[in-house]
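Read through the structure below, which is laid out as C-alpha coordinates, and then see the notes.
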Amino acid sequence: ASCIRIDGFTLDGNNPALPVLGTDQLVGGVAIDAGNGIQNGVYGSGPGPSYGLVNVDRITIDNNIFRNNSYAGVYLWDTYGVNNSWNYARNNYFTNMWEGIQTYAMHADISNNTFVSVNRGLSMHQVSVAADPGFVPQIVNNNITIAYNSGDSSDGGLWVNGRLGGAPALAVSGNTVNVPASMAPQIFSGLIIWDVVDSCQVGLTNNVVNGNSSATIGLEAWDITSTSPVILTGGSLNNIQSTGVLAYNNDPDYGAANTALTIDNVPITMTGGVGVEAYADPAAPANWVKVIVQNNTAISGGTNGVLVDGTMASAKVINSSASPAGGAVGVDVSFGKALLQGNNLTGHTTAGIIARNGATVDAGQCPTGGTDVTGFGISTGGNVLTGYVFDNAVPWAIENQNVSGPVVYAYNNNFGAGPGDDISKLLVQTSPVLYSQSGGVLLVQCPTNGSYQCAGAVPLKATTMAGFTAQGGVVSSDPATA
(Lines give C-alpha, C1' and ligand atoms only; values in the text may rest on other atoms or scores of the structure.)
Protein backbone atom coordinates (compact mmCIF):
# COMPACT_ATOMS: atom_id res chain seq x y z
CA ALA A 1 0.00 0.00 0.00
CA SER A 2 2.20 2.76 -1.32
CA CYS A 3 2.10 5.63 -3.81
CA ILE A 4 -1.33 6.83 -2.70
CA ARG A 5 -2.58 10.42 -2.98
CA ILE A 6 -5.64 11.70 -1.08
CA ASP A 7 -6.39 15.26 -2.13
CA GLY A 8 -9.43 17.51 -1.73
CA PHE A 9 -11.74 15.24 0.28
CA THR A 10 -13.93 15.82 3.32
CA LEU A 11 -13.71 12.92 5.77
CA ASP A 12 -16.40 13.24 8.44
CA GLY A 13 -16.61 10.75 11.31
CA ASN A 14 -20.22 11.71 11.95
CA ASN A 15 -22.72 10.16 9.58
CA PRO A 16 -26.03 12.07 9.86
CA ALA A 17 -27.82 9.18 8.14
CA LEU A 18 -27.16 6.93 11.13
CA PRO A 19 -29.33 7.12 14.23
CA VAL A 20 -27.77 8.55 17.39
CA LEU A 21 -27.58 5.83 20.02
CA GLY A 22 -27.10 6.19 23.72
CA THR A 23 -23.89 4.19 23.41
CA ASP A 24 -22.35 6.51 20.80
CA GLN A 25 -19.15 8.28 21.81
CA LEU A 26 -19.51 12.03 21.81
CA VAL A 27 -16.70 14.43 20.89
CA GLY A 28 -17.52 18.09 21.24
CA GLY A 29 -21.17 17.10 21.58
CA VAL A 30 -21.14 15.25 18.23
CA ALA A 31 -21.94 11.53 17.93
CA ILE A 32 -18.94 9.72 16.44
CA ASP A 33 -19.19 6.88 13.92
CA ALA A 34 -15.48 6.59 12.95
CA GLY A 35 -12.42 6.45 15.18
CA ASN A 36 -9.91 7.67 12.55
CA GLY A 37 -10.20 9.44 9.24
CA ILE A 38 -7.28 7.62 7.56
CA GLN A 39 -5.44 4.61 9.02
CA ASN A 40 -3.22 1.92 7.47
CA GLY A 41 -5.13 -1.04 8.89
CA VAL A 42 -6.80 -1.99 12.17
CA TYR A 43 -4.46 -1.63 15.10
CA GLY A 44 -4.41 -4.77 17.26
CA SER A 45 -5.73 -7.04 14.54
CA GLY A 46 -2.39 -8.85 14.31
CA PRO A 47 0.78 -9.57 16.27
CA GLY A 48 3.70 -7.19 16.79
CA PRO A 49 5.68 -5.50 15.55
CA SER A 50 3.07 -4.31 13.00
CA TYR A 51 -0.01 -5.16 15.13
CA GLY A 52 -2.07 -5.66 12.01
CA LEU A 53 -1.04 -2.38 10.34
CA VAL A 54 0.49 -2.49 6.85
CA ASN A 55 3.75 -0.66 6.14
CA VAL A 56 3.13 2.26 3.83
CA ASP A 57 5.25 4.91 2.15
CA ARG A 58 4.91 7.56 -0.56
CA ILE A 59 1.59 8.62 0.94
CA THR A 60 0.40 12.15 0.09
CA ILE A 61 -2.49 13.64 2.09
CA ASP A 62 -3.10 17.21 0.92
CA ASN A 63 -5.92 19.77 0.98
CA ASN A 64 -8.47 17.67 2.88
CA ILE A 65 -10.95 18.38 5.67
CA PHE A 66 -11.04 15.97 8.63
CA ARG A 67 -13.69 16.28 11.30
CA ASN A 68 -15.47 14.42 14.07
CA ASN A 69 -13.21 11.51 14.99
CA SER A 70 -12.88 9.87 18.37
CA TYR A 71 -9.12 9.41 17.92
CA ALA A 72 -7.22 10.92 14.97
CA GLY A 73 -7.77 12.39 11.57
CA VAL A 74 -4.64 10.62 10.25
CA TYR A 75 -3.09 7.65 12.08
CA LEU A 76 -0.19 5.91 10.30
CA TRP A 77 1.88 3.25 12.10
CA ASP A 78 4.79 1.57 10.34
CA THR A 79 7.03 -1.22 11.65
CA TYR A 80 9.79 0.10 13.90
CA GLY A 81 13.23 0.15 12.29
CA VAL A 82 11.96 0.12 8.67
CA ASN A 83 12.54 3.02 6.28
CA ASN A 84 9.26 4.42 4.96
CA SER A 85 9.88 7.76 3.22
CA TRP A 86 8.24 10.34 0.94
CA ASN A 87 5.14 10.82 3.07
CA TYR A 88 3.36 14.17 3.15
CA ALA A 89 0.47 15.76 5.06
CA ARG A 90 0.03 19.35 3.87
CA ASN A 91 -2.60 22.05 3.85
CA ASN A 92 -5.24 19.99 5.63
CA TYR A 93 -7.88 21.15 8.10
CA PHE A 94 -8.65 19.09 11.21
CA THR A 95 -11.41 19.78 13.72
CA ASN A 96 -13.22 18.12 16.63
CA MET A 97 -11.08 15.09 17.43
CA TRP A 98 -8.58 13.88 20.00
CA GLU A 99 -5.51 14.29 17.74
CA GLY A 100 -5.07 15.57 14.22
CA ILE A 101 -2.08 13.54 12.96
CA GLN A 102 -0.07 10.75 14.59
CA THR A 103 2.76 8.87 12.88
CA TYR A 104 4.94 6.02 14.18
CA ALA A 105 8.29 4.95 12.68
CA MET A 106 7.56 6.97 9.54
CA HIS A 107 9.47 9.73 7.76
CA ALA A 108 6.99 12.51 7.03
CA ASP A 109 6.66 16.13 6.02
CA ILE A 110 3.79 17.60 8.07
CA SER A 111 3.37 21.20 6.94
CA ASN A 112 0.90 24.08 6.74
CA ASN A 113 -1.99 22.26 8.40
CA THR A 114 -4.65 23.81 10.61
CA PHE A 115 -5.93 22.03 13.71
CA VAL A 116 -8.97 23.41 15.53
CA SER A 117 -10.71 21.98 18.58
CA VAL A 118 -8.28 19.10 19.07
CA ASN A 119 -6.84 17.68 22.26
CA ARG A 120 -3.41 17.40 20.59
CA GLY A 121 -2.45 18.76 17.21
CA LEU A 122 0.10 16.23 16.03
CA SER A 123 2.78 13.81 17.17
CA MET A 124 5.69 12.01 15.48
CA HIS A 125 7.03 8.90 17.24
CA GLN A 126 10.05 6.58 17.22
CA VAL A 127 12.09 7.06 14.08
CA SER A 128 15.38 5.13 14.15
CA VAL A 129 16.60 4.66 10.55
CA ALA A 130 17.75 6.90 7.74
CA ALA A 131 15.34 8.27 5.16
CA ASP A 132 15.69 7.88 1.43
CA PRO A 133 18.31 10.26 -0.02
CA GLY A 134 16.65 13.53 -0.95
CA PHE A 135 13.67 13.28 1.37
CA VAL A 136 13.62 15.87 4.18
CA PRO A 137 11.24 15.19 7.08
CA GLN A 138 9.89 18.26 8.84
CA ILE A 139 7.09 19.69 10.97
CA VAL A 140 6.63 23.30 9.86
CA ASN A 141 4.07 26.10 9.81
CA ASN A 142 1.22 24.24 11.45
CA ASN A 143 -1.41 26.15 13.44
CA ILE A 144 -2.94 24.29 16.39
CA THR A 145 -5.86 25.47 18.54
CA ILE A 146 -6.62 23.23 21.49
CA ALA A 147 -9.94 22.15 22.99
CA TYR A 148 -10.43 19.84 25.95
CA ASN A 149 -12.06 16.87 24.22
CA SER A 150 -10.91 13.96 26.38
CA GLY A 151 -10.59 12.83 29.95
CA ASP A 152 -6.78 12.65 29.80
CA SER A 153 -5.07 14.26 32.77
CA SER A 154 -2.26 15.66 30.63
CA ASP A 155 -1.42 16.31 26.99
CA GLY A 156 0.43 18.58 24.59
CA GLY A 157 -0.07 20.54 21.41
CA LEU A 158 2.87 19.20 19.37
CA TRP A 159 4.89 16.14 20.45
CA VAL A 160 8.13 14.74 19.03
CA ASN A 161 8.86 11.41 20.73
CA GLY A 162 11.86 9.35 19.65
CA ARG A 163 14.70 10.29 17.29
CA LEU A 164 17.44 7.71 17.61
CA GLY A 165 19.91 5.58 15.70
CA GLY A 166 20.13 6.75 12.09
CA ALA A 167 17.10 9.08 12.16
CA PRO A 168 17.69 12.14 9.96
CA ALA A 169 17.60 15.73 11.18
CA LEU A 170 14.11 17.00 11.92
CA ALA A 171 13.13 20.66 11.63
CA VAL A 172 10.27 21.75 13.90
CA SER A 173 9.75 25.31 12.80
CA GLY A 174 7.17 28.08 12.60
CA ASN A 175 4.42 26.18 14.40
CA THR A 176 1.86 27.90 16.63
CA VAL A 177 -0.04 26.32 19.53
CA ASN A 178 -3.02 28.23 20.93
CA VAL A 179 -4.45 27.19 24.29
CA PRO A 180 -7.94 28.23 25.48
CA ALA A 181 -8.53 30.18 28.66
CA SER A 182 -9.54 27.13 30.68
CA MET A 183 -7.90 23.72 30.51
CA ALA A 184 -8.76 22.60 34.05
CA PRO A 185 -8.23 19.94 35.25
CA GLN A 186 -5.79 19.12 32.45
CA ILE A 187 -2.00 19.57 32.66
CA PHE A 188 -1.08 20.90 29.25
CA SER A 189 2.29 21.42 27.51
CA GLY A 190 2.44 23.44 24.32
CA LEU A 191 5.48 21.57 22.94
CA ILE A 192 6.85 18.19 24.08
CA ILE A 193 10.28 16.86 23.08
CA TRP A 194 11.24 13.38 24.28
CA ASP A 195 13.87 10.75 23.55
CA VAL A 196 16.36 12.47 21.24
CA VAL A 197 19.55 10.42 21.56
CA ASP A 198 22.67 9.18 19.74
CA SER A 199 23.65 11.90 17.22
CA CYS A 200 20.14 12.82 16.09
CA GLN A 201 19.23 16.44 15.41
CA VAL A 202 15.97 18.19 16.25
CA GLY A 203 15.83 21.92 15.60
CA LEU A 204 13.09 23.89 17.37
CA THR A 205 12.97 27.22 15.58
CA ASN A 206 10.51 30.12 15.74
CA ASN A 207 7.66 28.18 17.32
CA VAL A 208 5.04 30.05 19.34
CA VAL A 209 2.93 28.86 22.26
CA ASN A 210 0.09 31.17 23.29
CA GLY A 211 -0.75 29.85 26.75
CA ASN A 212 -3.60 32.25 27.60
CA SER A 213 -2.74 31.82 31.34
CA SER A 214 -3.91 28.22 30.98
CA ALA A 215 -1.07 26.20 29.42
CA THR A 216 0.80 24.60 32.31
CA ILE A 217 4.14 24.27 30.48
CA GLY A 218 5.43 25.98 27.35
CA LEU A 219 8.05 23.36 26.38
CA GLU A 220 8.56 20.02 28.14
CA ALA A 221 11.85 18.12 27.60
CA TRP A 222 12.91 14.64 28.77
CA ASP A 223 15.49 12.04 27.73
CA ILE A 224 17.64 14.23 25.48
CA THR A 225 21.27 13.15 25.22
CA SER A 226 22.07 13.61 21.55
CA THR A 227 25.60 14.71 20.68
CA SER A 228 23.87 17.31 18.49
CA PRO A 229 22.34 19.72 21.03
CA VAL A 230 18.59 20.24 20.93
CA ILE A 231 18.12 24.01 20.85
CA LEU A 232 14.90 26.00 21.23
CA THR A 233 15.57 29.13 19.18
CA GLY A 234 13.41 32.17 18.54
CA GLY A 235 9.64 32.22 18.60
CA SER A 236 8.04 32.86 21.99
CA LEU A 237 6.28 31.23 24.93
CA ASN A 238 3.46 33.56 25.94
CA ASN A 239 1.35 33.74 29.10
CA ILE A 240 2.37 30.35 30.48
CA GLN A 241 0.83 29.42 33.80
CA SER A 242 3.42 27.32 35.64
CA THR A 243 6.73 26.63 33.81
CA GLY A 244 7.90 28.21 30.58
CA VAL A 245 10.48 25.50 29.86
CA LEU A 246 10.72 22.34 31.97
CA ALA A 247 13.63 19.92 31.59
CA TYR A 248 13.50 16.91 33.90
CA ASN A 249 15.13 13.53 34.49
CA ASN A 250 12.35 11.22 35.64
CA ASP A 251 9.03 10.61 33.92
CA PRO A 252 6.37 9.01 36.14
CA ASP A 253 5.37 6.58 33.37
CA TYR A 254 8.60 5.89 31.47
CA GLY A 255 11.31 6.28 34.11
CA ALA A 256 14.67 7.97 34.52
CA ALA A 257 16.82 9.50 31.76
CA ASN A 258 19.39 12.25 31.30
CA THR A 259 18.20 15.49 29.71
CA ALA A 260 20.09 18.38 28.08
CA LEU A 261 18.44 21.41 26.46
CA THR A 262 19.48 24.85 25.21
CA ILE A 263 17.14 27.87 25.12
CA ASP A 264 18.41 30.58 22.79
CA ASN A 265 16.87 34.03 22.32
CA VAL A 266 13.33 33.05 23.31
CA PRO A 267 10.98 35.57 24.98
CA ILE A 268 9.13 33.80 27.81
CA THR A 269 6.15 35.49 29.47
CA MET A 270 4.73 33.93 32.60
CA THR A 271 1.51 34.55 34.52
CA GLY A 272 2.93 32.61 37.49
CA GLY A 273 5.59 30.06 38.32
CA VAL A 274 9.05 29.76 36.76
CA GLY A 275 10.44 30.83 33.40
CA VAL A 276 12.96 27.97 32.99
CA GLU A 277 13.32 25.01 35.35
CA ALA A 278 15.96 22.27 35.43
CA TYR A 279 14.51 19.65 37.77
CA ALA A 280 16.43 16.57 38.89
CA ASP A 281 14.16 14.23 40.81
CA PRO A 282 15.98 12.79 43.86
CA ALA A 283 14.27 9.49 43.07
CA ALA A 284 16.60 9.27 40.01
CA PRO A 285 19.94 10.09 41.66
CA ALA A 286 22.08 8.81 38.77
CA ASN A 287 20.45 10.95 36.07
CA TRP A 288 21.29 14.56 35.33
CA VAL A 289 19.57 17.58 33.83
CA LYS A 290 21.62 20.28 32.08
CA VAL A 291 20.07 23.47 30.73
CA ILE A 292 21.69 26.38 28.90
CA VAL A 293 19.82 29.70 28.74
CA GLN A 294 21.52 32.18 26.45
CA ASN A 295 21.46 35.17 24.12
CA ASN A 296 18.73 37.47 25.39
CA THR A 297 16.23 34.85 26.43
CA ALA A 298 13.92 37.39 28.06
CA ILE A 299 11.87 36.05 30.97
CA SER A 300 9.14 38.19 32.51
CA GLY A 301 6.34 37.64 35.01
CA GLY A 302 6.12 34.69 37.35
CA THR A 303 8.02 34.22 40.59
CA ASN A 304 11.43 32.94 39.40
CA GLY A 305 13.33 33.57 36.21
CA VAL A 306 15.42 30.38 36.35
CA LEU A 307 15.09 27.56 38.90
CA VAL A 308 17.76 24.86 39.25
CA ASP A 309 16.34 22.21 41.57
CA GLY A 310 18.09 18.99 42.54
CA THR A 311 21.59 17.69 43.16
CA MET A 312 21.92 16.45 39.57
CA ALA A 313 20.47 19.65 38.02
CA SER A 314 22.65 22.37 36.53
CA ALA A 315 22.24 25.46 34.38
CA LYS A 316 24.37 27.88 32.43
CA VAL A 317 22.73 31.30 32.04
CA ILE A 318 24.74 33.63 29.83
CA ASN A 319 24.48 36.78 27.74
CA SER A 320 20.87 37.51 28.55
CA SER A 321 20.84 41.27 28.89
CA ALA A 322 17.06 41.29 29.12
CA SER A 323 16.69 38.28 31.38
CA PRO A 324 15.84 36.93 33.82
CA ALA A 325 14.19 40.18 34.91
CA GLY A 326 11.25 40.80 37.20
CA GLY A 327 9.61 38.41 39.66
CA ALA A 328 10.73 37.53 43.13
CA VAL A 329 14.03 35.82 42.22
CA GLY A 330 16.22 36.00 39.14
CA VAL A 331 18.10 32.70 39.48
CA ASP A 332 17.27 30.29 42.32
CA VAL A 333 19.62 27.32 42.79
CA SER A 334 18.59 24.61 45.25
CA PHE A 335 21.02 21.67 45.67
CA GLY A 336 22.24 22.04 42.07
CA LYS A 337 24.82 24.11 40.17
CA ALA A 338 24.69 27.24 38.03
CA LEU A 339 27.10 29.37 36.02
CA LEU A 340 25.92 32.95 35.49
CA GLN A 341 27.62 35.40 33.16
CA GLY A 342 26.59 38.62 31.45
CA ASN A 343 22.96 38.64 32.60
CA ASN A 344 20.50 41.27 33.76
CA LEU A 345 19.49 40.30 37.31
CA THR A 346 17.83 43.54 38.36
CA GLY A 347 14.39 44.42 39.64
CA HIS A 348 13.62 41.36 41.74
CA THR A 349 11.57 41.69 44.89
CA THR A 350 13.44 39.04 46.92
CA ALA A 351 16.89 38.55 45.36
CA GLY A 352 18.76 38.55 42.08
CA ILE A 353 20.53 35.28 42.95
CA ILE A 354 19.77 32.69 45.65
CA ALA A 355 21.93 29.67 46.52
CA ARG A 356 20.46 27.21 49.01
CA ASN A 357 20.65 23.60 50.20
CA GLY A 358 24.32 23.31 49.36
CA ALA A 359 24.00 24.78 45.86
CA THR A 360 27.05 25.84 43.85
CA VAL A 361 26.88 29.20 42.06
CA ASP A 362 29.63 30.71 39.93
CA ALA A 363 28.57 34.25 39.01
CA GLY A 364 32.15 35.38 38.40
CA GLN A 365 35.68 34.41 39.36
CA CYS A 366 39.02 36.17 39.14
CA PRO A 367 40.62 36.08 35.68
CA THR A 368 43.47 33.90 36.92
CA GLY A 369 43.34 30.96 39.25
CA GLY A 370 39.66 30.16 38.77
CA THR A 371 38.17 26.71 39.17
CA ASP A 372 35.39 25.04 37.19
CA VAL A 373 32.87 24.29 39.96
CA THR A 374 29.76 23.82 37.79
CA GLY A 375 30.87 21.70 34.83
CA PHE A 376 30.27 24.62 32.45
CA GLY A 377 33.68 26.30 32.75
CA ILE A 378 34.54 29.48 34.67
CA SER A 379 32.32 32.57 34.73
CA THR A 380 33.93 35.94 34.06
CA GLY A 381 31.08 37.75 35.82
CA GLY A 382 29.59 40.75 34.05
CA ASN A 383 26.16 40.29 35.62
CA VAL A 384 24.12 43.41 36.32
CA LEU A 385 22.92 43.50 39.94
CA THR A 386 22.13 47.19 40.20
CA GLY A 387 19.11 48.84 41.79
CA TYR A 388 19.26 46.98 45.11
CA VAL A 389 19.51 49.40 48.04
CA PHE A 390 22.61 49.29 50.26
CA ASP A 391 20.47 48.96 53.40
CA ASN A 392 21.10 45.41 54.62
CA ALA A 393 17.48 44.44 53.87
CA VAL A 394 15.28 42.77 51.27
CA PRO A 395 15.54 42.79 48.29
CA TRP A 396 19.07 41.43 48.13
CA ALA A 397 21.44 41.27 45.19
CA ILE A 398 22.66 37.83 46.31
CA GLU A 399 21.60 35.45 49.05
CA ASN A 400 23.91 32.60 49.98
CA GLN A 401 21.62 30.60 52.24
CA ASN A 402 23.95 27.59 52.29
CA VAL A 403 24.50 26.67 55.92
CA SER A 404 27.86 24.93 55.55
CA GLY A 405 29.03 26.23 52.19
CA PRO A 406 29.96 26.35 49.47
CA VAL A 407 30.74 30.00 48.83
CA VAL A 408 29.04 31.93 46.05
CA TYR A 409 31.51 33.39 43.55
CA ALA A 410 30.45 36.86 42.43
CA TYR A 411 33.57 38.66 41.26
CA ASN A 412 33.53 41.30 38.53
CA ASN A 413 29.81 42.13 38.58
CA ASN A 414 28.05 45.50 38.44
CA PHE A 415 26.48 46.15 41.83
CA GLY A 416 26.00 49.85 41.13
CA ALA A 417 28.33 50.74 43.99
CA GLY A 418 29.77 54.23 44.25
CA PRO A 419 31.97 55.88 46.85
CA GLY A 420 30.48 55.23 50.27
CA ASP A 421 28.43 52.21 49.20
CA ASP A 422 29.07 48.97 51.08
CA ILE A 423 28.34 46.01 48.78
CA SER A 424 28.19 43.64 51.73
CA LYS A 425 24.88 45.31 52.65
CA LEU A 426 23.40 43.86 49.43
CA LEU A 427 24.22 40.30 50.49
CA VAL A 428 22.96 37.54 52.74
CA GLN A 429 26.04 35.58 53.78
CA THR A 430 25.03 32.53 55.77
CA SER A 431 28.05 31.20 53.90
CA PRO A 432 30.39 33.70 52.23
CA VAL A 433 29.79 35.56 48.99
CA LEU A 434 33.11 36.41 47.33
CA TYR A 435 32.47 39.57 45.34
CA SER A 436 33.98 42.53 43.59
CA GLN A 437 32.72 45.48 41.57
CA SER A 438 32.86 45.03 37.78
CA GLY A 439 35.89 46.22 35.87
CA GLY A 440 38.26 45.19 38.62
CA VAL A 441 38.31 48.75 39.99
CA LEU A 442 38.00 49.06 43.75
CA LEU A 443 35.91 51.89 45.12
CA VAL A 444 37.43 52.85 48.45
CA GLN A 445 36.11 55.16 51.15
CA CYS A 446 38.38 55.95 54.10
CA PRO A 447 37.09 56.05 57.68
CA THR A 448 35.58 59.40 58.65
CA ASN A 449 37.73 61.95 60.41
CA GLY A 450 37.59 62.01 64.21
CA SER A 451 38.41 64.57 66.94
CA TYR A 452 40.30 63.41 69.99
CA GLN A 453 41.27 65.33 73.15
CA CYS A 454 44.05 62.96 74.21
CA ALA A 455 46.73 61.42 72.01
CA GLY A 456 46.15 58.02 73.60
CA ALA A 457 42.59 58.00 72.28
CA VAL A 458 43.71 58.15 68.63
CA PRO A 459 43.18 54.65 67.11
CA LEU A 460 46.14 52.79 65.70
CA LYS A 461 46.50 52.81 61.94
CA ALA A 462 44.78 49.97 60.11
CA THR A 463 47.17 47.43 58.63
CA THR A 464 44.62 44.86 57.47
CA MET A 465 41.37 44.92 55.54
CA ALA A 466 39.52 43.83 58.67
CA GLY A 467 41.04 46.69 60.64
CA PHE A 468 40.21 49.16 57.86
CA THR A 469 36.55 48.16 57.71
CA ALA A 470 36.32 48.02 61.52
CA GLN A 471 37.22 51.71 61.61
CA GLY A 472 34.45 52.52 59.12
CA GLY A 473 36.33 52.14 55.86
CA VAL A 474 34.45 50.77 52.84
CA VAL A 475 35.81 48.89 49.82
CA SER A 476 33.86 47.41 46.90
CA SER A 477 35.27 43.93 47.30
CA ASP A 478 35.18 41.21 49.89
CA PRO A 479 38.30 40.91 52.10
CA ALA A 480 39.54 37.81 50.25
CA THR A 481 40.52 39.97 47.25
CA ALA A 482 42.32 42.66 49.22
Side-chain angles (χ1 to χ4, degrees), residues 36 43 48-49 51 53 71-84 87 89 98-110 113 115 118-131 137-140 142 144 146 150 152-173 175 177 186-204 207 209 215-226 228-232 245-261 287 289:
N36 299 301
Y43 181 82
Y51 299 100
L53 300 175
Y71 195 76
V74 174
Y75 183 89
L76 298 175
W77 175 302
D78 280 338
T79 300
Y80 180 77
V82 176
N83 170 24
N84 295 282
N87 301 293
W98 183 78
E99 180 171 21
I101 300 174
Q102 182 175 142
T103 65
Y104 182 90
M106 169 180 282
H107 299 296
D109 176 345
I110 303 174
N113 299 285
F115 305 85
V118 293
N119 214 61
R120 182 197 300 152
L122 63 97
S123 60
M124 182 179 288
H125 300 264
Q126 299 302 316
V127 176
S128 62
V129 296
Q138 61 180 0
I139 302 173
V140 301
N142 298 285
I144 300 167
I146 298 300
S150 80
D152 288 0
S153 61
S154 62
D155 220 316
L158 189 160
W159 185 15
V160 175
N161 173 32
R163 308 292 295 184
L164 59 162
L170 178 67
V172 182
S173 177
N175 301 286
V177 178
Q186 195 173 37
I187 298 171
F188 188 84
S189 300
L191 306 171
I192 303 175
I193 308 298
W194 280 10
D195 192 19
V196 182
V197 299
D198 301 321
S199 60
C200 297
Q201 299 180 34
V202 175
L204 306 170
N207 299 288
V209 176
T216 318
I217 301 166
L219 168 67
E220 172 187 335
W222 170 76
D223 189 14
I224 300 175
T225 59
S226 174
S228 299
V230 174
I231 303 175
L232 176 69
V245 176
L246 174 62
Y248 58 101
N249 69 338
N250 196 17
D251 183 80
D253 295 319
Y254 297 98
N258 298 323
T259 302
L261 181 71
N287 295 95
V289 178

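- Aromatic ring orientation, Y43 versus Y75: perpendicular (interplanar angle above 60°, classes split at 30° and 60°).
- Ring planes of Y104 and W77: parallel class, angle under 30° (limits at 30 and 60°).
- Residue I101 comes nearest to N113 through the heavy atom pair CD1-ND2, 4.3 Å, listed as atom of the first residue, atom of the second, then distance.
- Minimum heavy-atom separation, S226 to S199: OG-C, 3.3 Å.
- The shortest distance between side-chain heavy atoms of D155 and E99 does not fall below 4.5 Å.
- Judged by distance alone, the side chain of N87 and the main-chain N or O of N84 form a donor-acceptor pair under 3.5 Å.
- L76 contributes atom CG, which lies 7.5 Å from atom OG1 of T103 (distance to the nearest 0.5 angstrom).
- To the nearest 0.5 Å, atoms CD1 (I192) and CD1 (I217) are separated by 8.0 Å.
- Between V209 and L219, the closest side-chain pair of non-hydrogen atoms is not below 4.5 Å.
- Atom CG of N258 is separated from atom CG of N250 by 11.0 Å, given to the nearest 0.5 angstrom.
- In this structure a side-chain-to-backbone donor-acceptor pair under 3.5 Å is missing from D195 to Q126.
- Within the 4.5 Å cutoff, the side chain of D223 has no heavy atoms near those of the Y254 side chain.
- In terms of heavy-atom proximity, V245 sits nearest to L261 at CG1-CD2, 3.5 Å.
- Side chains of V177 and L191 form a contact here, defined as non-hydrogen atoms less than 4.5 Å apart.
- In this structure, CD1 in I193 is found 6.5 Å from CD1 in I224, a value given to the nearest 0.5 Å.
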(request) For side-chain contact (heavy atoms from CB on, under 4.5 Å), just list the numbers for I144 and R120, CA-CA rounded to whole Å, side-chain angles, deciding distance to a tenth of an Å, and then say yes or no. (result) CA-CA 8 Å; I144 300 167; R120 182 197 300 152; over 6 Å; no

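- In this structure, W98 CH2 and N119 CG are separated by 7.0 Å, a value rounded to the nearest 0.5 Å.
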Pair up each side-chain donor or acceptor in residues 158-168 with any protein partner under 3.5 Å, not counting sequence neighbours, and list the distances.
{"from": "N161", "atom 1": "ND2", "to": "H125", "atom 2": "ND1", "distance (Å)": "3.0"}
{"from": "R163", "atom 1": "NH2", "to": "P168", "atom 2": "O", "distance (Å)": "2.9"}

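- For T79, the side chain to side chain contact (heavy atoms under 4.5 Å, CB included) criterion is met by P49, S50, N55, V82, not counting sequence neighbours.
- Looking at heavy atoms from C-beta onward, M124 lies out of side-chain contact with V172 at the 4.5 angstrom threshold.
- At distances below 3.5 Å, not a single donor-acceptor pair connects side-chain atoms of S189 with backbone N or O atoms of G218.
- One finds the CG atom of N142 at 5.0 Å from the CZ atom of F115 (value rounded to the nearest 0.5 Å).
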